[in-house]
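A short write-up of the structure that comes next.
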Amino acid sequence: MIINPSEHTSATRAFPRVIGHLKADAPGPTLVAIGGMHGNEPSGVYALQRLVDRLERESLLQKGEFIALTGNIRALENGQRFIDTDLNRMWKFRPDLRGLAEVPEVYEAGEMEELQDHVDRAIEQRRGPLVFLDLHTTSAPSPPFILIGDTLRNRRFVQNLNLPVILGLEEQLNGPFLSYLNTKGHISMGFEAGQHEDEVSVENHYSLLLLILVQTGLLGAKDLPDLAANRKRLAGQTTAALKNFFEVRFRKPVHEGERFRMKPGYRNFQPIQKDEALAHNQNGEVHAKERGRIFMPLYQEQGDDGFFIIRRIAPFWLGFSVFLRYLRAHRALPILPGIRRVPGKDGLLIIHTNIVRWFGAQVLHLLGYRRRSHHEGKLLFIKREFDLHGPTSIDKFSE
């Protein structure tokens, strides 16, 4: 069944909000895929349009629901990242975590309100577990890779996709869409398909969408004769060394008036050394704080993330973190000096920065925490609430 077909066949808008909404008679998971959160990244929208056409033409959906949405419509029409402010940085929570913070009076506020309405409706009307997929591209040449908030449920969902997986990016950013979705408790992932202008990015988005449709169970692998070829083509763009989990270790923010410019030629995942000159600003060269791999270097006019540095996470530590989380070892943290719970909020810890320097933020990450804020020598870390289980019993996948 097609829901509101006129919304995605209208010729009055090049980028309609609802690209497609298909609902099978049999209940099952809901997959919500969003393209074009940034207006200079249209390939996700094109891939969704292609996929919706195929699903309708071949009547492929077997159970559940598939919803394809467009992000920042006017920015897409203008071919720029955003109009007034970054739509993918507006999903900030109030200090008490009870709902989103007040949104400034900017153009993107209307886009955000419409998207939130579709997201909330999908959550309320789901007939099974819910998966969100946010489609992006990068300004630098890049193999395809996945971004997730570090919950065990997210890890399980992506571990067999045979692609690089990045943990912890949302800890470095303020108000990304994926953080909002993770806080809601549903499986969510970002997918970066390649460089903005690279034609292969549309193909990568399309291939990943097919894999996720099968992974969620909305349709069967036998119904997609091209599934194996799409899986092989996608996996073939990354080396074995990159088909691992990585953690974000450092972010270089770009401040207004800084005149930041990356040195040319860097690619995502390219190895770098400590003190390597990576960019320039008004003060001279900008050097790497530590060794690792460069991640998402900025080669576009709009944006306040200059670059990130990531490192591979050893499989031992990934497995150990699973053990610790099921053991609920985080409950022992307030016993340590310099760490205390926020009264009435068991998931929040206030930690003196000296303590974090002593044992490292990575220990808190192992236990399922992420940094929320920094103030007067103290850090606020929040436990990922839906690490092991979804909000309700309906949000569990059959395994």
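Values reported hereafter were calculated over all heavy atoms of this structure, with side chains retained and with hydrogens, waters and symmetry mates removed.
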* To do: Please tell me if the side chains of Val18 and Leu69 come closer than 4.5 Å, counting only heavy atoms from C-beta onward.
  =>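 SC-SC contact between Val18 and Leu69 confirmed.
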Donor-acceptor check, side chain of [X] to backbone of [Y], threshold 3.5 angstrom: yes or no?
X: Asp395; Y: Thr392; result: yes
X: His38; Y: Leu76; result: no
X: Glu41; Y: Thr137; result: yes

* For the pair Phe269 and Phe295, name the ring-plane relationship: parallel under 30°, tilted 30 to 60°, perpendicular over 60°. =>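 Plane angle over 60°, so perpendicular.
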* Parallel under 30°, tilted from 30 to 60°, perpendicular over 60°: which one fits the rings of Phe157 and Phe397? ->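 Geometry flag for Phe397 against Phe157: tilted rings.
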* Mind checking side-chain contact (heavy atoms from CB on, under 4.5 Å) for Val254 and listing every partner two or more places apart, or none if nothing turns up? =>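 Listed in chain order: Glu258, Phe260, Leu298.
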* Cationic N near anionic O, under 4.0 Å, Glu276 to Arg293 ->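 Judged by the 4.0 Å cut-off on N to carboxylate O distance, Glu276 and Arg293 do not form a salt bridge.
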* To do: Measure from NZ or CZ of Arg312 to the centre of the six-membered ring of Phe246 and say whether it is under 6.0 Å with the direction within 45° of the ring axis.
  =>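 No, a cation-pi geometry is absent between Arg312 and Phe246.
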* **Separation of Leu388 CG from Thr151 OG1 (nearest 0.5 Å)** =>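 The CG atom of Leu388 is 9.0 Å from OG1 of Thr151, to the nearest 0.5 Å.
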Do [X] and [Y] have their ring centres less than 6.0 Å from each other?
X: Phe191; Y: Phe145; value: no
X: Tyr299; Y: Phe307; value: no
X: Phe82; Y: Tyr107; value: no

* Of the non-hydrogen atoms in Gly149 and Glu170, which two are nearest, and what is the gap between them? ->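 Taking Gly149 first and Glu170 second, the nearest heavy atoms are CA-OE2, 3.7 Å.
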* Passing option when Glu65 is tested against Arg126, Arg127, Gln125, His21 for side-chain hydrogen bond (donor to acceptor under 3.5 Å, both in side chains) ->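 That would be His21; it is the only one of Arg126, Arg127, Gln125, His21 passing the side-chain hydrogen bond (donor to acceptor under 3.5 Å, both in side chains) with Glu65.
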* **Identified salt bridge (charged side-chain N to carboxylate O under 4.0 Å, His left out) partner of Asp226 from the options Arg54, Arg233, Arg231** =>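 For Asp226, the salt bridge (charged side-chain N to carboxylate O under 4.0 Å, His left out) check succeeds only for Arg54.
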* Gln237 and Asn204: side chain to side chain donor-acceptor pair (under 3.5 Å), yes or no, with the steps? -> CA-CA 10 Å; Gln237 296 176 57; Asn204 288 343; 2.6 Å; yes
